Amino acid sequence: MRLTRNDKGPLIAFMAPALIMMLLFFVIPVVYVVVVSFFKWNGITDPEFRGIRNFALLFKDKAFLRSVLNNVIWALVAGFIQVPIAMVMAIILSRKPKGWKFFRTVYFLPQVISGIALAMLWRAIYNANTGLLNGLLTLFGRGDLARDWLGTIETAFPAVLIYWVFYIGYYMVIMMADITTIDESYYEAATIDGATEFQQAIHITIPLIRKTSLATCVTLASVMGLRQFEQVYMLTNGQPANTTSTIVLYMYKKLQEPNYGMASASAAILIIVGIIFIVSLRLLFNGKQETRQVKKRKGGMK
Amino acid sequence: MKKFLALILALAMIFALAACGQSAAAPAAQEAAPAAQEAAPAEAAKEITINFPCIWVGTDSKAAYFAEMVDSFNKENEGQIKVVIEEQTDYQAYRDKIRTLVTAGEVPDICTMDTAADVELYTASGKFMDFTPYLDGGWRDTFATGTFDSYTYDGVTAVIPFESAIFPIVYNVEILKEAGWETFPANWDEMFEMFDDIKAAGYNAVGQMAGENAWTSMLWYSALVQAIGGKEAFENGLSDPAFVEAADVLKRMYDYTFDGAISAGAGDVNGHWIAQDTALYLNGPWWIGNLYKEDNAKDGVLLADVCDVAANPEWVGGKGQGGLVTKVQSFILAAKQDDPAKEAAVVKFLQYITDPDRMQTWSASAGSMFFVNYEPSEDTTVIAQKFAEIKKDAAFTVLAVDANFGPAYESAFPAAVSALVLGQVDAQGFVDQLQTAIDNAA
């Protein structure tokens, strides 16, 4: 549709509030962060221009590099393990098996509890002396496996990550809402053709939610993974030896020093990592969609 | 017509958004109006409100008497001055809040800081009150000689060093006896012999923690550097070999602590100490009050009744005999005021709580030590008296490493400790890691 000159007024008027908000609460802060990242500044005395030295220091700092790696792992786990688990549960519960409402509530419940409270709970579970996990291992005769889960290099990061992966309620509910909009006639036809529930999920449900709620959930989960802070802060504060650190936690520690230049430089890197992730995810989902459409057309020509 | 409607809708949306802003502002304005109306009689009564975000609340050992003082001050000055305490129970959250407020230019009327580095940086903002005229008016004489010497910047004293801390070793006499030790070791070689015996008796010798801010490990490390390198090591900085040697010893001490010390926080260390499965405890005098709490008693016996206090043992061949690790635990600061009456009110309150008689009572009730000169109370506990004796007998004092080397060092310390203990770095690597943190912040 071609816009006429008369369309431009309302169009600008409609877009103006969102653009102003975007400018005030996103563009200006981001530009500010990028500018500060080139300075040495403690927030009190005059800033001192440093060029790219803050970035050079960041890339020499093992704690920061480990934080970036952890965030990337976190985002990948969120997008490609947490969301698929949520999708499976959404598909199962959408078929409304017995007790589905109960399980939907159970899976969603952790979403209404603060992340800090959950982290405290899991800290108690992982406690080396009095923790439930070591207690259960001892109870089942595997006391040899008991350890300081959050204080061991090999187990600390997986321990921080694993419990969080199973908090799927948010994504599950989004996908359930999407699945309920799928026309029942698809499933009826598939049932007549002899398709099993599994086949229906693979060939009907997943393709139909892939570009909508699934793509949304993968993007949301990955972005959440990139900005992890409170769980790590409460559970390990980035320890042992920075093996559980994340970019936001690293940034927080730099703010405490107070080193606003380094903190802003790490924030700028986080923004770049975030953009790379979102663009990659868009390419992934749109690319697959096109392939599937091409396949469908090819199939239709036979 | 459609375009016209679209334009109307767009305008309606903009006005609606604007109205949102107004609707939010309107109640605020409505609230402001009665506030202004109230301000008139309040102004007539000249009541001044002093805002004090404060950490001496909740379970803090200083909380009870401080609350009493605030109440009595407010009663004595009813209608004229009202001190409003904003309770903050988490130390790190408090630090973050004060740092953020000062950076944003929103300095609270009164606040506290706990590091000299913070004090030096934030007072440079020029947003804090200069106490010099009030101190020169006689207030200074109530403080220990030289209290303000290190904290006067460019002729301005914008800070009151308030609570001091020393860190002698508190130990559980019963556990030591059970391990075959009637007296406390005189040197660190004997200390490790004792640690072996304590471990063999089924107890933890010390409470270490590499989680949170690695507080107790930081204190033990400070004590080790002091014993090995003496005052000279702290003057030389991290290049002094005492820091590397002390790191090796600190790592060794982790063999004598409870399981899970790498991920442990202060709560874990305190929990083990209270449960009396750990023999030695290192913390400031503010913890003395907790030794006398019935909640912390075991089988009806107060923790204080099974405890004694010792100075840091000698390091054979070391340079730090008779030394003591100290810290300024809190500094008081106040916002620069435009209103002379409010400035006077703030000073009046600070002079009220730093009155030597009140300090005496406060010290006795909390176990804390202050820079104000006061006679020890008859109610001073036995443990507090022993702390005071150790302080008096100290040949020299050094600041704990976190206070000595600033926030970047403090922030990097927990990671460096866990890396050291888990074998990710050696003792030299531990020191290098901390030096790099300082260099990067410079």
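If you're wondering where the values come from, they're calculated on a predicted model, not measured in any experiment. Heavy-atom basis, side chains included; hydrogens, waters and symmetry copies ignored. Every chain is numbered from 1, with letters handed out A, B, ... down the list of sequences.
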So for [X], is it side chain, backbone, both, or neither that comes closer than 4.5 Å to the heavy atoms of chain A?
| X | result |
| --- | --- |
| B:Ala264 | backbone |
| B:Asp118 | neither |
| B:Ala210 | backbone |
| B:Asp96 | side chain |
| B:Ala261 | backbone |
| B:Leu121 | both |

Practice problem: Taking B:Arg99 for its side chain and A:Gln256 for its backbone only, find out whether a donor-acceptor pair lies under 3.5 Å. | Solution: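 At least one qualifying donor-acceptor pair exists.
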Quiz item: Taking the side chain from A:Asn129 and the backbone from B:Asp259, do they hold a donor-acceptor pair closer than 3.5 Å?
Solution: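 Yes, the answer is positive, given that a donor and an acceptor are paired below the 3.5 Å cut-off.
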Verify the neighbour count for atom [atom1] of [X]: are there more than 12 heavy atoms of other residues, nucleotides or ligands below 6.0 Å?
| X | atom1 | value |
| --- | --- | --- |
| B:Tyr153 | OH | yes |
| A:Phe26 | CZ | no |
| B:Asp154 | CG | no |
| A:Ile52 | CD1 | no |
| B:Lys251 | NZ | yes |

Which atoms of [X] are under 4.5 Å from chain B, going by heavy atoms: the side chain, the backbone, both sets, or neither?
| X | answer |
| --- | --- |
| A:Arg66 | neither |
| A:Asn259 | side chain |
| A:Asn54 | neither |
| A:Tyr233 | side chain |
| A:Lys60 | neither |
| A:Leu150 | both |

Which atom of [X] lies closest to which atom of [Y], heavy atoms considered:
| X | Y | answer |
| --- | --- | --- |
| A:Ile44 | B:Ala124 | CG2-C, 4.0 Å |
| A:Ala241 | B:Ser418 | N-OG, 2.6 Å |
| A:Pro240 | B:Ile262 | CB-CG2, 3.7 Å |
| B:Ala441 | A:Glu257 | CB-OE1, 3.7 Å |
| B:Ser263 | A:Asp148 | OG-OD1, 2.7 Å |
| B:Thr103 | A:Gly43 | CG2-O, 3.6 Å |

Quiz item: Picking from A:Gly238, A:Ser245, A:Ala63, A:Pro258, which has the most non-hydrogen pairs under 4.5 angstrom with chain B?
Solution: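 Looking at each option in turn, the highest pair count goes to A:Pro258.
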Practice problem: Answer yes or no: is there a side-chain heavy-atom contact under 4.5 Å between B:Asp268 and A:Asn127? | Solution: yes
Practice problem: With the side chain counted from C-beta on, respond yes when A:Ile153 and B:Gln424 share a heavy-atom pair under 4.5 Å apart, and no when they do not. | Solution: yes
Quiz prompt | Sidechain N-carboxylate O distance under 4.0 Å for A:Arg123, B:Glu212 | solution = yes
Quiz item: Could you state the interatomic distance from OG1 (A:Thr45) to OH (B:Tyr122), rounded to the nearest 0.5 Å?
Solution: 10.5 Å
Quiz item: Between B:Ala419, B:Gly211, B:Gly406, which residue shows the highest count of heavy-atom pairs closer than 4.5 Å to chain A?
Solution: B:Ala419
Quiz item: Of all of B:Gln92, B:Glu410, B:Gln433, which one pairs up most often with chain A through heavy atoms under 4.5 Å apart?
Solution: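 The candidate making the most pairs under 4.5 Å is B:Gln92.
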